[in-house]
Amino acid sequence: MKQPNLKKAEEASLLIVALFITVVLAMLASSALFYASNRRMTMSRAGNWQEALVVAEDGINTALGQINAGLTGTDGSITSATTGWINSGTTVMPVSHSGDSVVSGTAIYAITRVPFPKLPNAAFYKIRSLGVVPLPGSQALSIDSADGVLRKLNLSGTALSITAGSSTVTLRDSANGIRTAVRAVEAWLYPVMTGDVGLLTGTDISLSGNPIIDAYDPTDSRRSQGGISTGNPDNPFEVTGGLIGSAGQFTALLTDANGVPAPIYDASIATDGQLIDAGGAIVYGDASTNNGTVTDAGSVYGLISNDFYQTMPPVGAPDWYVHPSASTPYTDKGSINGNLTLTGSSKANPARYVASFIALQGNKCLKFDYGSPGTSTTGTDTSKNYIEIYVTGGGNGGNSGYSISTKGQGAQDGSITIVDGVHITLYVAEGIRATGNSLSNTSKSAANLTIYGVTPPAGAPAPTYSWGGTSDFYGTIYAPYASVNLSGATNVVGSVVAYSAILKGSVHFIRDVSLAKDSKLMGFRYSSWFEDTGPSRLSISGSY
Amino acid sequence: MKHSSAPAHSAFSLPELLIALSISAVVGAVCVGVYVNLQRGYTFVMTWSDLDNNLCRVEDSIAVDLRNATSITITDTPPVQTLTLTVPQCYSPGPSGTLYSPGDSRLNYGDAGYDPGKVRAGDPAPDAILNSGTLDSTSAKLVRNGTLQVTYSGRALGTSGQAIQRMAIWSGSTAALSGTAVRDVAKFDGGVNLTFQLSGTTVSGTTLLSSDTVLGVLLSGTSSDKYRPKTSTLQDTVYLRGNKFK
């Protein structure tokens, strides 16, 4: 009789027990690993989701840089951005970051140009940018559905991709295991015009004595006085008015006769530099620096901020001078130091002149007038009222360094006089020195006189523009390389963009708010920023 | 017939059994102790991980809304401050009835630009249409449907717990552009602190200026683990976009 093998029976029991324990331990371990892995994946994906926003903003900033770099179109269009820029359709740009886990992403951005009739020299832009970052792990989402609501990751679904030019970016593809975090940002850009601020400089602004910085709008009866209605049925307040007088925006009437509130205009001063010495001056607006300070700012009525920066595109010699052609001829007047009248032409084809310098004193006068022939009554043609002149500088004797020097002793004496209604665009290679009301814009409209300071050659001294004595200046100055000195009882109406500015004494600086629409485009700034978290976040389009 | 004497060897003597049981007891006790500690450690790590994930969710949710907000107001005092935001209403109702077939009991999102349900409460509806805005011909300001008021505040859970909830109230010119929704962003069974800082200083009763560039969001949550309650803190600095670019 064969006896049962008890030893073998014991071994089988041990094996079962061992297997059972092993299974239990394996389940515990896999459970622990599953939950730990799940949480690690959640944190990792949260990081990628954050990275996607950075990538999307990279796209926005790159597009802004390209738009600013290519501003050469007279209507604010982009014509010469950096090589590789696609100014129509959609651009795909690889972006690398050295984050915790993400090393690369892709920005896809598209721009849309939005013309604005009130700004014929500019346009608005909308930039839409998608930041696409690949995700690790499987299709499984976190155990918490809140992640699905918040981050809306592309873990599964039918294949979806965006094609731009020769590039294709896949947003999701379950069959091939492609999963991404996508975040979409839209930003609007508004054009920054030279007339948008009262006083803007590249470096310090110094105010001392009793200057007043103010603003008015000659096209609004509520912000000017003595105006004549233009008869615009859409705007009963539209007039051609004059200065409010000594009253500032904050003390003038804030409503019209019908109780309609008048807008408050900002006579802001700003610098790309670090210092505005307000010197106790009254400023009816903001004072902004570039990470700097505003000292002695007790009478600054607006906001004081230190996060300002505005690019100031340089100005070259006028194109009609650099590249003369039969269609844009100019007349060289040599040096102007005696009595002379320069006449205008149409807005579409203005009269163009070149002079080496303008030096007037005594009874000498330069007059800008309408073109002729005109009516038998006036002898002039009021439609011929546009003049462009380039003063190249050099050879101005005792006034070396100044393209224009005038010593006025009366409205018609030692002065430059602009006949009412004539529009002057003046390009200046060197400095300007004017005393005794010697630059007379008889229309008292700042829109009728625009001065551009041409960028000096490398190594040349910075030009100086100075007004002193008892002088009135109605016009705009855009001279990013010039130092502007205003002193005495000088009234400046318009806007000034310069390298630096010193205002001393009882200078009254009044920004003309209406200038913005016709002034020079300096660049673009953000006016709106929005992250699209809706179903449209996976699509992009633009129209340029 | 010859019998095998082998079975006699398989038995254990009493001392052997006692020794084996003693060793087993010691080994077992060690194993149980280790297991319990491992389990506690595991639970602790999981709790800590959940806590951090929840903090991260709240921070991320607040950051998205903060960046889009054009007006930011902070009220109440710590430990849980209330954040009230005005966000442009950038979504329009989708085409009504296109998402689900007739007779489907699920919500027809075509009625609103934002989801009034529970899970995605206050988020753009699945078929919402993006409204990028149009330029006003006079003021050059962007015009959208209206505004969305988003509020983050605390909600008590039991005796010590607290949730951070997000309430969205959207209002526009039509009923379809108006609605309300509330959802819990995350729950903290041991309580939560939520404070907001400008330049490192906690602010209250404040509406931020356009010149305020960044806002610090300081969040700390506590788990209710009775052995080792864990408090974790997360601080985020949010660059304010909509509040500045307007």
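Within every chain, numbering begins at 1; the chains are lettered A, B, ... in the order of the sequence lines, protein sequences first and strands thereafter.
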**Q** Do Arg241(B) and Glu57(A) sit within salt-bridge range, that is, some charged N less than 4.0 Å from a carboxylate O?
**A**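 Yes, charged N to carboxylate O under 4.0 Å.
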**Q** Tell me, for Ser132(B) versus chain A, whether the close heavy atoms (under 4.5 Å) come from the side chain, the backbone, both or neither.
**A**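 It is both, since atoms from each part get that close.
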**Q** Measure across Ala128(B) and Pro535(A) and return the closest heavy-atom pair with its distance rounded to 0.1 Å.
**A**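 What the structure gives for the nearest pair is O-CG, 3.3 Å.
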**Q** Do you know which two heavy atoms are closest between Gly133(B) and Trp188(A), and how far apart they sit?
**A**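 Scanning both residues, the minimum pair turns out to be O-CZ2, 3.7 Å.
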**Q** Please assess Phe530(A) against Leu130(B) for the test side-chain contact (heavy atoms from CB on, under 4.5 Å), listing each intermediate value before the final yes or no.
**A** CA-CA 11 Å; Phe530(A) 179 78; Leu130(B) 177 66; 4.3 Å; yes
**Q** For Thr533(A) versus Tyr91(B), what's the shortest heavy-atom pair and its separation?
**A**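 Thr533(A) and Tyr91(B) have their closest heavy atoms at N-OH, 2.9 Å.
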**Q** Side chain, backbone, both or neither: which part of Arg151(A) has a non-hydrogen atom closer than 4.5 Å to chain B?
**A**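 For Arg151(A), the contact with chain B is made by the side chain alone.
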**Q** Which bit of Arg128(A) is near chain B, if near means a heavy-atom gap under 4.5 Å: side chain, backbone, both or neither?
**A**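 Just the side chain, heavy atoms under 4.5 Å.
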**Q** Under the side chain to side chain contact (heavy atoms under 4.5 Å, CB included) rule, collect the residues that match up with Asn131(B), sequence neighbours excluded.
**A**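 Per chain and number, Asn131(B) pairs via side chain to side chain contact (heavy atoms under 4.5 Å, CB included) with Ser92(B), Arg144(B), Asn145(B).
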**Q** With sequence neighbours excluded, what pairs up with Glu531(A) under the side chain to side chain donor-acceptor pair (under 3.5 Å) test?
**A**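 With neighbours one apart ignored, the set is Arg183(A).
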**Q** Where does Asn53(B) contact chain A at under 4.5 Å (heavy atoms): side chain, backbone, both or neither?
**A**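 Backbone plus side chain of Asn53(B), per the 4.5 Å heavy-atom cut-off to chain A.
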**Q** Please report the shortest heavy-atom distance between Gly534(A) and Pro124(B), naming the atom on each side.
**A**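 Closest heavy-atom pair between Gly534(A) and Pro124(B): CA-CB, 3.6 Å.
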**Q** Specify the closest pair of heavy atoms between Phe116(A) and Asp136(B), including all atoms of both residues, with the distance to one decimal.
**A**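 Taking Phe116(A) first and Asp136(B) second, the nearest heavy atoms are CE1-O, 3.3 Å.
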**Q** Between chain A and each of Asn54(B), Leu135(B), Asp123(B), Val45(B), count heavy-atom pairs under 4.5 Å; write down the option with the most.
**A**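 With the most close heavy-atom pairs to chain A, the winner is Leu135(B).
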**Q** Given heavy-atom pairs under 4.5 angstrom as the criterion, report whether the side chain, backbone, both or neither of Val185(B) touches chain A.
**A**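 It is the backbone, since no side chain atom gets that close.
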**Q** Nearest 0.5 Å, please: how far is SG in Cys90(B) from CD in Glu186(A)?
**A**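 That separation rounds to 8.0 Å.
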**Q** With only heavy atoms counted, which part of Asp184(B) is less than 4.5 Å from chain A, the side chain, the backbone, both or neither?
**A**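 Neither; nothing under 4.5 Å.
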**Q** Within this structure, what is the CG-OG distance for the pair Leu142(B) and Ser527(A), rounded to the nearest 0.5 Å?
**A**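 Reported value, rounded in 0.5 Å steps: 5.5 Å.
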**Q** Nearest 0.5 Å, what's the CG-CD distance between Leu28(A) and Gln39(B)?
**A**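 It is 7.0 Å, given to the nearest 0.5 Å.
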**Q** Give me the atom names and distance for the closest heavy-atom approach of Arg57(B) to Leu150(A).
**A**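 Closest heavy-atom pair between Arg57(B) and Leu150(A): O-CD2, 3.6 Å.
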**Q** With under 30° as parallel and over 60° as perpendicular, where do the rings of Tyr35(A) and Tyr42(B) fit, or are they tilted in between?
**A**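 Taking Tyr42(B) first and then Tyr35(A), their aromatic rings stand perpendicular (interplane angle over 60°).
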